[in-house]
**Q** 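My structure is below; once you've seen it, I'll send some questions.
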Number of protein chains: 2
Amino acid sequence: MTDQPVKKPSRIQTRNRRLILDAALDVFSRDGYGGATLDAIAKGAGLSKPNLLYYFDGKKEIYVTLLSQLLETWLDPLIELDPEGDPVEELLGYVRHKLDISLDLPAESKLFAGEILQGAPRITTHLKDELKPLFDRKCALIQRWIDAGQLAPVDPAHLIFSIWATTQHYADFGAQLSVLLAGQDPTKRAHAHLEQMFRQLLTPETE
Amino acid sequence: MTDQPVKKPSRIQTRNRRLILDAALDVFSRDGYGGATLDAIAKGAGLSKPNLLYYFDGKKEIYVTLLSQLLETWLDPLIELDPEGDPVEELLGYVRHKLDISLDLPAESKLFAGEILQGAPRITTHLKDELKPLFDRKCALIQRWIDAGQLAPVDPAHLIFSIWATTQHYADFGAQLSVLLAGQDPTKRAHAHLEQMFRQLLTPETE
DNA sequence: TCGTTGCTTTACCAATTGGTAAAATTTTTG
DNA sequence: CAAAAATTTTACCAATTGGTAAAGCAACGA
């Protein structure tokens, strides 16, 4: 069973692949998959186009690599929901964490949103294999918390959707926000608002 | 001041422009602006490409026409927020209405989301001139309701963002939802969940 | 019925795009 | 250092794309 034709990558390889992926994130998130060009990515990475294609097999592979790496970062905070912790605080912590990510890494969020928007044609497999099982586990956990009376009765799946929607909104619709808020920084108020909303929704009635 | 070189459009014109815009909505919302092609739109409309360009001056004009028509439909339900009605019910009605639109017209929602996602480069003007003033007026209205004690104290702007985010999510992230919910229809539970969440958030404390 | 106008088709085209072949160069290794 | 391997450049190319020119056809008012 010694099938390891995979050599460890050279320093040059790691550096250039990194450069390419960074540039690609910029371009793909700004122009969408269809609007992005290899020339733009190559330019952004400071490489020639054929050189770029020496590291990746094509436009699609760059894109998919980017997305699947991203998906892991994306799932992490959800994984960290601790069954042992206080349910309300765990979920509010998740909201905070998600919002921080959206505010700090809008390009990543946009890339992901753009792919889903177009029907997720290139990552449905990843969604099914990685996101779905995790999602199901966390829904079950939330349901257990509710059954134990530690959480107000909410629909676990749609609660998660609401968290995703409200937090991602600050990244994905950033262009709209900056028009509507006339450029003022939404960070503090966003945090306060989501905290208020979800705390009220989740806190169980203590009679 | 008799400057009216604008003739009323012929029946053929209205029909073909409609055909084109319908096809364009399909293509743009599925492939994004950059990924969409005039050939695909022409094919969808059942016209030749040059024929299509007889009705519109180019790709961009089709797209912008589509978006600005859409923006009006988009603003309508917000306009209808009635200062005379019961605040909580008015806002919950808005949530319901928005959710219905997302569920019924996902392509429209996706088109809009896609444009914002890419920084709204082609409709910032529209946003500033039409959406912003309306948004400001409605924020002020919500604030008045709060001051009158008819609504729990929330941040008006971020409340609106949350409504937009949660309702649009069902259209824009439809591909993700259908993976996570394994195809079951989210309609009923979505309505119930959002009603529960926003009612709780908005109902003022009656002590 | 004729001429004007409006609509459609045919035949193009220049620019861009994703991608390749192979030579030239640099880096690593024995 | 010399050979082998890895990396980069140069020179391409076929397909696609947004768009045009101009001829053909249809409709309609006088």
Side-chain angles (χ1 to χ4, degrees), chain A residues 4-67 111 114-115 118 121-122, chain B residues 4-67 111 114-115 118 121-122:
Chain A
Q4 283 177 328
V6 255
K7 295 230 179 119
K8 86 163 73 167
S10 72
R11 277 192 306 290
I12 288 184
Q13 275 204 31
T14 19
R15 172 175 52 89
N16 282 351
R17 284 182 65 101
R18 196 53 288 135
L19 281 172
I20 292 167
L21 289 174
D22 285 349
L25 175 63
D26 259 25
V27 175
F28 280 127
S29 71
R30 196 186 55 230
D31 302 333
Y33 180 81
T37 68
L38 290 182
D39 290 286
I41 298 173
K43 195 173 177 184
L47 299 173
S48 68
K49 187 167 57 173
N51 196 181
L52 183 153
L53 287 163
Y54 172 76
Y55 292 100
F56 289 92
D57 266 348
K59 186 179 177 179
K60 198 166 163 178
E61 203 205 299
I62 302 179
Y63 184 76
V64 172
T65 306
L66 210 48
L67 270 178
L111 183 75
E115 172 65 12
Q118 295 186 4
R122 287 158 283 246
Chain B
Q4 285 178 324
V6 255
K7 294 234 177 118
K8 86 163 72 167
S10 72
R11 278 190 303 292
I12 287 184
Q13 274 203 33
T14 20
R15 172 173 54 88
N16 282 351
R17 284 182 67 101
R18 195 56 285 137
L19 280 172
I20 293 167
L21 289 174
D22 285 349
L25 174 62
D26 259 25
V27 175
F28 279 126
S29 70
R30 196 186 55 231
D31 302 332
Y33 180 80
T37 68
L38 291 183
D39 289 286
I41 298 173
K43 196 173 176 183
L47 299 173
S48 69
K49 187 166 57 174
N51 197 181
L52 183 154
L53 288 163
Y54 173 76
Y55 292 100
F56 289 92
D57 266 347
K59 186 180 178 179
K60 197 166 164 180
E61 203 205 299
I62 302 179
Y63 183 76
V64 172
T65 305
L66 211 49
L67 269 177
L111 183 75
E115 172 66 11
Q118 297 186 3
R122 287 158 283 246

**Q** Separation of Asp31(A) atom CG from dT17(C) atom P, in whole Å?
**A** 10 Å
**Q** With a non-hydrogen cut-off below 4.0 angstrom, is Ala42(B) in contact with a base, only sugar-phosphate, or nothing?
**A**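 Nothing: the residue Ala42(B), judged by heavy atoms under 4.0 Å, touches no strand.
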**Q** Among dA21(C), dC7(C), dT8(D), find the nucleotide with the atom closest to the side chain of Ile12(B).
**A**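 The listed nucleotide nearest to Ile12(B)'s side chain is dC7(C).
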**Q** What is the distance from NZ of Lys60(A) to P of dT17(C), rounded to the nearest Å?
**A**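 One finds 20 Å between P of dT17(C) and NZ of Lys60(A), rounded.
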**Q** Parallel, tilted or perpendicular for Phe28(B) and Tyr63(B), by the 30°/60° rule?
**A**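 Rings of Phe28(B) and Tyr63(B): perpendicular, as their planes differ by over 60°.
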**Q** Tell me whether the OP1 or OP2 atom of dG6(C) has a side-chain N or O from Gln13(B) closer than 4.0 Å.
**A** no
**Q** If the cut-off is 4.0 Å, is Tyr54(B) near the phosphate of dT8(C), judged by side-chain N/O to OP1 or OP2?
**A**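 No, Tyr54(B) has no side-chain N/O under 4.0 Å of OP1/OP2 on dT8(C).
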**Q** Can you check whether Ser48(A) has a side-chain N or O nearer than 4.0 Å to OP1 or OP2 of dT8(D)?
**A**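 For Ser48(A), the contact criterion (side-chain N or O under 4.0 Å from OP1 or OP2 of dT8(D)) is not met.
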**Q** Tyr54(A) ring centre to Lys49(A) NZ or CZ under 6.0 Å, with the angle to the axis within 45°?
**A**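 That pair does not qualify as a cation-pi contact.
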**Q** Give a yes/no on whether any side-chain N or O of Arg11(A) is located under 4.0 angstrom from OP1 or OP2 of dT28(C).
**A** yes
**Q** Spell out, as yes or no, whether a donor-acceptor pair under 3.5 Å connects the side chain of Arg122(B) to the backbone of Lys60(B).
**A**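 Not at all, since once roles are kept as given, no pair shorter than 3.5 Å links the two residues.
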**Q** Are the charged groups of Asp22(A) and Arg18(A) less than 4.0 angstrom apart, N to O?
**A** yes
**Q** Leu38(B) and Leu53(B): which non-hydrogen atoms are nearest, and at how many Å?
**A**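 Leu38(B) and Leu53(B) have their closest heavy atoms at CD1-CD2, 4.1 Å.
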**Q** Between Arg17(A) (CZ) and dA6(D) (C1'), how many Å, whole number?
**A** 15 Å
**Q** Whole-Å distance between dG18(D) P and Lys59(B) NZ?
**A**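 Spelled out: NZ on Lys59(B) to P on dG18(D) is 5 Å.
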**Q** Is the shortest side-chain N/O distance from Tyr55(A) to OP1 or OP2 of dA6(D) below 4.0 Å?
**A**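 Result: no.
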**Q** Quickly work out the Leu47(A) CG to dG18(C) P distance and round it to whole Å.
**A**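 Distance check: Leu47(A) CG to dG18(C) P gives 16 Å.
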**Q** Please state how far atom OH in Tyr63(B) lies from atom P in dG18(D), giving the value in whole angstrom units.
**A** 14 Å
**Q** Using the side-chain heavy atoms of Asp39(A), tell me which of these nucleotides is nearest: dA21(C), dG18(C), dG19(D).
**A**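 My answer, after comparing the listed nucleotides, is dG18(C).
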**Q** Can you identify which nucleotide, out of dA21(C), dA11(C), dG18(D), has its nearest atom closest to the Pro50(B) side chain?
**A**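 Minimum distance to the Pro50(B) side chain belongs to dA11(C).
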**Q** Hey, which sits more toward the 5' end of DNA chain C by its nearest nucleotide, Leu52(B) or Gly35(A)?
**A** Leu52(B)
**Q** Just jot down the side-chain contact (heavy atoms from CB on, under 4.5 Å) partners of Ser48(A), sequence neighbours excluded, or say none.
**A** Pro50(A), Asn51(A)
**Q** Can you tell me how far P of dT16(D) sits from NZ of Lys49(B), to the nearest Å?
**A**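 About 11 Å, once rounded to whole Å.
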**Q** Report yes if a side-chain nitrogen or oxygen of Asn16(A) is closer than 4.0 Å to either non-bridging phosphate oxygen (OP1 or OP2) of dA6(D); otherwise report no.
**A**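 The answer is no; no side-chain N or O of Asn16(A) sits under 4.0 Å from OP1 or OP2.
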**Q** So does Asn51(A) get a side-chain nitrogen or oxygen closer than 4.0 Å to the phosphate oxygens (OP1/OP2) of dT7(D)?
**A** no
**Q** Within the structure shown, what part of the strands sits under 4.0 Å from Ala40(B) by heavy-atom distance: base, sugar-phosphate, or nothing?
**A**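 Nothing, no heavy atom under 4.0 Å.
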**Q** When the distance from CG of Leu53(B) to P of dC13(C) is rounded to whole Å, what number comes out?
**A**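 Going from CG in Leu53(B) over to P in dC13(C) covers 18 Å.
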